[in-house]
Amino acid sequence: MTDFKKMIAEMIAKVININEEEIKEYIEIPKDSSMGDYSFPCFKLAKELRKAPVAIANDIKDNIQIDKNIIEKIDVVNGYLNIYLNRKLIVKTVLEEIDKEKENYGKSNIGTGKNIVIDYSAPNIAKPFHIGHLRSTVIGAALYNIYKFLGYNVIGVNHLGDYGTQFGKLIEGYKLWGTEYDIEKDPINELTKIYIRINEACKEDETILENCRNNFKKLEDGDPYCVELWKKFRELSLKEFQKVYDLLGSKFDSWNGESFYSDKMPEVIETLSSKGKLTESQGAKIVDLEEQGITTPCIIEKSNSSTTYATRDLAAIMYRARTYDFDKCIYVTSYEQVLHFKQVFEVAKFLGLDEKYTKGLIHVPFGMVLLPTGKMSTREGNVIKLEDILNEAISRAKDIIEQKNPELDNKEEVAKKVGIGAVIFNDLSNNRIKDEVFDWDTMLNFQGETGPYIQYMYVRTNSILEKIGQIPDVKDIELEELTNDTCIDILKQIYLFNDIIMQAADKNEPSIISRYLIDLAQKFSSFYNDNKIIVDDEKQKNARIYLTYMVGLILKSGAKLLGIETPNKM
RNA sequence: GUUUCCGUAGCUCAGUAGGAUAGAGCGACCGCCUCCUAAGCGGUAGGUCGGCAGUUCGAUUCUGCCCGGGAACACCA
């Protein structure tokens, strides 16, 4: 699409002795459009050109050759050069681009030929899928969609927590009291009860903890009883998780969890050992990271010679590098794990992998979901299960539909889209690093800056288009009809879509898109309120309908990137 | 204690890799449905951008210190 900044930079570059690229970098969008569509602050050049900013600005203004088809006027305010674009050009540019790209508008091919692995969701087997896992699932899925939209080949991996000492604990608990619980009937809840109970027992009796650790060791060594139990727990849990994934619409390209790497860890240990990076400490094998500025060493093998989370992550890095040839490998987890990934990424540099891979390792941390009373913990038994939240969201959405639009067809389906949309949007609307205190009414709020608000605005655009039957041809649209302040404001927002997606990818921050969609929806909503769209004046009507069409397209497309579905009616 | 993240309106948060009068939503108060869905729109009230220095023509944004809060810190993941 036409790059306005570049066009302006070209013109300015002809008048002053600064290169175009640098100028382009300085050009900004004023916060108030009364100060122009773009603005060039001349302060930055004052030193370089040894001139007062205002003089520079005036100088540029006096000498610049402006093409009236591109720039309407230029003002000098303080040290700023405020540039007002030709409004017809803005309208024309956006209209033509949308007409050409339709639902592909905003896509790009910057990712063509590049592979990105995204490791997300990763719930722990035999533990409830709680609200804390929602964030990883939802943020990961959004990043997946965003990168795909930018042309990358993306591999979504659900790195299941299906291995480790916790299974040693479960096995021990099952051995001790298995007959007291009906695992087949309600797997996760019953297993959780066992898990809580065994943890209590471990606290009281050190030998029980020792037995648990040994169970995991046995599991790694292939002990038939342990393996059989582990398999059973895993299967039952996955079935339960699938219910949540179905509600959220989550899909993964790979379900290779931690256990998948059980036979791939010896290579990690051997490589580290042969490079002389492995040292013994307190009976365990570790990699010392003092030199890297990390005071805690990375444990590769425990003193009972079983492996750790880190070892499995290292094996996964080797495997993913070979299998997917990744340019980036992104880990979406809570910020509790920053140290862990810092360690793992440092140790990965000792695995003899190409720099391409070790440089592509990225941890994307997010804040925690807390209860008003503090942290959630499976062991404390105070978790809020995600399935309950999603079902509550759907049920509340249904109540509102019943109240606002009782005539609606397929209420169930719409309630699901709206309820789930609210939950997803709530999680993606703020910077991911922020902690979130769980509150039913906040999470399931359907008013203001929420998922349903976006959906509602989409539904409005859709109703209009449905009523009118067909979208007018771009060629028949009178550009002047859309050059007023409000319309230009909306068009400029639409123009930014691709830029916003790139930013979101660059920072691995889906909330940038959420904010953008809220802005767009608000702008359109104001317009909708002040103007009738289906009017008698044919020219005006066509232009407004096309604007409505464009807004709807972006809202739908943007919501989809976030993993939110848009119903046609609600 | 060490490391790290956070601190903007009563509450929840935006603030575009330093810029022109700091913006939304919720809550409060006041308006708007004979008109394309009021899950909406408009308005009023509400701010020493945690504090102090420094860098700069210019700091909510960068640096340092301090205060307040969260998190991590070897056999959990």
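Every chain is numbered from 1 and lettered A, B, ... according to where its sequence line falls, protein lines coming before strand lines.
Residue A/K523 is out of contact with every strand shown, counting any heavy-atom pair closer than 4.0 Å. Within 4.0 Å (heavy atoms only), A/D441 reaches no atom of the nucleic acid at all. Heavy atoms of A/S525 sit under 4.0 angstrom from primed sugar atoms or phosphate atoms, though from no base atom. Nucleic acid contact class of A/M570 (heavy atoms, under 4.0 Å, all strands): base. Across all strands, A/I294 comes closer than 4.0 Å to no nucleic acid atom at all (heavy-atom distances). Residue contacts shown for A/V338 are absent, as no nucleic acid heavy atom lies under 4.0 Å away. Looking at heavy-atom distances under 4.0 Å, A/N199 makes no contact with the nucleic acid at all. No contact: A/K169 has no heavy atom under 4.0 Å from any strand. Residue contacts shown for A/A284 include a base, since a base heavy atom lies under 4.0 Å away. Among the protein residues, A/Y453 comes within range of the sugar-phosphate backbone only, with heavy atoms under 4.0 Å from sugar or phosphate atoms but none that close to a base. Base engagement by A/V418 is indicated by at least one non-hydrogen atom pair under 4.0 Å involving a base atom. At a threshold of 4.0 angstrom between heavy atoms, the contacts of A/I286 include nucleobase atoms, whether or not backbone atoms are also involved. A/Q455 comes within contact range of no nucleotide atom at all, as no heavy-atom separation falls under 4.0 Å. In this structure, A/T333 reaches neither bases nor backbone, as no heavy-atom distance under 4.0 Å exists between it and the strands shown.
In summary, the side chains of A/Q503 and A/Y516 do not present any donor paired with an acceptor at a separation below 3.5 Å, with no hydrogens or angles considered.
The distance from atom OH of A/Y458 to atom P of B/G40 is 19 Å, rounded to the nearest whole Å. Protein atom CD of A/Q166 is 7 Å distant from nucleotide atom P of B/A77, rounded to whole Å. In this structure, CG of A/D32 is placed 13 Å from C1' of B/A22, rounded to the nearest angstrom. Regarding A/N426, its CG atom lies at a distance of 21 Å from the P atom of B/A24, rounded to whole Å.
Nucleotide B/A45 is shown with an anti base, its glycosidic torsion being more than 90° from 0.
Judged by atom type and distance alone, A/N82 reaches the base of B/A20 through a side-chain donor-acceptor pair under 3.5 Å. Contact annotation: side chain of A/T308 to base of B/A77, donor-acceptor pair absent below 3.5 Å.
Salt bridge status for A/K416 with A/E412: absent, with no side-chain N to carboxylate O gap under 4.0 Å. The existence of a salt bridge linking A/K541 and A/D536 is excluded, since no basic side-chain nitrogen approaches an acidic carboxylate oxygen closer than 4.0 Å.
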Summarise protein proximity over nucleotides 7-15 of chain B in one line of letters, 5' to 3': B for base, S for sugar-phosphate only, - for none, counting protein heavy atoms closer than 4.0 Å. S----SSSS

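The nucleotide whose nearest atom lies closest to any side-chain atom of A/T165 is, among B/C41, B/C76, B/A22, B/C76.
Ring-plane geometry between A/H340 and A/Y309 is classed as parallel, the angle between the planes falling under 30 degrees on a 0 to 90 degree scale with a further cut at 60.
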Dot-bracket notation for RNA chain B, counting Watson-Crick and G-U pairs under 3.5 Å, with | for partners on another strand: (((((((..((((.........)))).(((((.......))))).....(((((.......))))))))))))....

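Judged by a 6.0 Å distance limit and a 45° cone about the ring axis, A/K6 is not positioned over the six-membered ring of A/F4.
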Just distance, no hydrogens or angles: give the donor-acceptor pairs under 3.5 Å from side chains in residues 277-290 of chain A, sequence neighbours left out.
from: A/T279; atom 1: OG1; to: A/I286; atom 2: O; distance (Å): 3.4
from: A/D288; atom 1: OD1; to: A/E290; atom 2: N; distance (Å): 2.9

